[in-house]
Amino acid sequence: MKKLILLFSIGLLLQSCTTLEDLTFIPREEKLFGIDFSKYTSQNFLFTPEKYIGGYKSIGLITYEYLPAAEYKKTGNKVNPFYNPQDPSSKSLIPIVEWVFESVKIEQVMDSVYKISKNMGADAIVNFDIKVKSDPVGANAKNPTTRFGYIISGFAIKRD
C-alpha cells in the first residue's frame, strides 16, 4: 500500500512539473442559427412550431433523421517528431489521417422533409421541432468518431 501511495505521489509530482501555456484570452464568439421558411411559404406550405387552430385533416407523424457520411482518409502530411536522418527507415514526414465528414446543410434536410410531407399529401408540418443529434461511431475501432446531424419531427396535416 505504501508503494502504491509513493508511486501515485511521484506521478502527481511529475505531472505538476509539466509546463503548460497560460490561457490569457478567449475571443468573443457569436453564432446565429435560424431556418428561413419563406421558400416553403411561397409554395403554400406551412412549417410552424405552434399548434394549428384552423380546420385540418390528419396526415401523419414525421420524424426525419439525417446523419452525414464520413471517410477516414489521408488529408496531408506533418513533420515526424521522431525523424532520425541517420536511420534510412526513418521518414521526415508522416501522413495526417483523419475523419472527413460530408457537409450537412439544414436547407437540404428541410427540403427532404418538405418533399416527403408533400408526397404524403400534407401542406403543413405543425409542432415542428428540430434537434441536433450526435452519433458516436466505432467504439470498438482504433479510430472512433462522433458525427453530428439533425432530427426533424412534426405533425403533417392537410389544411382545410
Treating [X] as the side-chain partner and [Y] as the backbone partner, does any N or O pair qualify as donor plus acceptor under 3.5 Å?
X: Gln108; Y: Val104; result: no
X: Arg147; Y: Asp135; result: no
X: Trp99; Y: Lys73; result: no
X: Ser58; Y: Gly60; result: no
X: Asn80; Y: Phe82; result: yes
X: Ser90; Y: Gln86; result: no
X: Asn127; Y: Phe155; result: no
X: Arg159; Y: Asp123; result: yes

Kindly work out whether a path of hydrophobic side-chain contacts (I/L/V/M/F/W/Y, heavy atoms less than 4.5 Å apart) joins [X] to [Y].
X: Ile151; Y: Ile116; value: no
X: Phe148; Y: Tyr150; value: yes
X: Met110; Y: Ile59; value: yes
X: Met120; Y: Tyr40; value: yes
X: Leu61; Y: Val109; value: no

Within this structure, what is the [atom1]-[atom2] distance for the pair [X] and [Y], rounded to the nearest 0.5 Å?
X: Glu102; Y: Lys105; atom1: CD; atom2: NZ; result: 11.0 Å
X: Glu65; Y: Leu67; atom1: CD; atom2: CG; result: 5.0 Å
X: Thr41; Y: Asp36; atom1: OG1; atom2: CG; result: 8.0 Å
X: Ser117; Y: Lys158; atom1: OG; atom2: NZ; result: 12.0 Å
X: Asp160; Y: Lys57; atom1: CG; atom2: NZ; result: 4.5 Å

Minimum heavy-atom separation for [X] and [Y], please, with both atom names.
X: Lys118; Y: Phe45; value: CD-CD1, 3.7 Å
X: Thr146; Y: Ser134; value: CG2-CB, 3.9 Å
X: Ala156; Y: Ile62; value: CB-CD1, 3.9 Å
X: Gly138; Y: Pro144; value: O-CB, 3.2 Å
X: Asp111; Y: Lys39; value: OD1-NZ, 2.8 Å
X: Asn77; Y: Ile96; value: O-CD1, 3.5 Å

Do the side chains of [Y] and [X] get nearer than 4.5 Å, heavy atoms only?
X: Lys131; Y: Asp129; result: yes
X: Tyr64; Y: Ser112; result: yes
X: Leu46; Y: Ile157; result: no

Original post:
Stepwise, does the side chain to side chain contact (heavy atoms under 4.5 Å, CB included) test hold for Val97 with Thr75?
Top reply: CA-CA 6 Å; Val97 182; Thr75 58; over 6 Å; no

**OP:** Test Ile152 against Ile125 for side chain to side chain contact (heavy atoms under 4.5 Å, CB included), laying out the working first.
**Re:** CA-CA 10 Å; Ile152 293 178; Ile125 299 289; 5.9 Å; no

Subject >> Asp87/Ser89 under side chain to side chain donor-acceptor pair (under 3.5 Å): CA gap, chis, key distance, verdict >> reply: CA-CA 5 Å; Asp87 180 359; Ser89 66; 2.8 Å; yes

Original post:
Should the ring pair Phe47 and Phe128 be called parallel, tilted or perpendicular, given that the plane angle runs from 0 to 90° and is split at 30 and 60?
Top reply: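 Judged by the thresholds at 30° and 60°, the geometry between Phe47 and Phe128 is perpendicular.
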
Subject >> Residue pair Lys133, Tyr66: steps toward the side chain to side chain contact (heavy atoms under 4.5 Å, CB included) verdict >> reply: CA-CA 9 Å; Lys133 178 180 180 173; Tyr66 182 91; over 6 Å; no

Subject >> Within 6.0 angstrom of Phe101 CZ, more than 12 heavy atoms from elsewhere >> reply: yes

**OP:** Please say whether more than 12 non-hydrogen atoms of neighbouring residues, nucleotides or ligands are located less than 6.0 Å from CZ in Phe33.
**Re:** yes

Subject >> Verdict with supporting geometry, Ile94 and Lys78, side chain to side chain contact (heavy atoms under 4.5 Å, CB included) >> reply: CA-CA 6 Å; Ile94 53 176; Lys78 64 180 177 180; 3.6 Å; yes

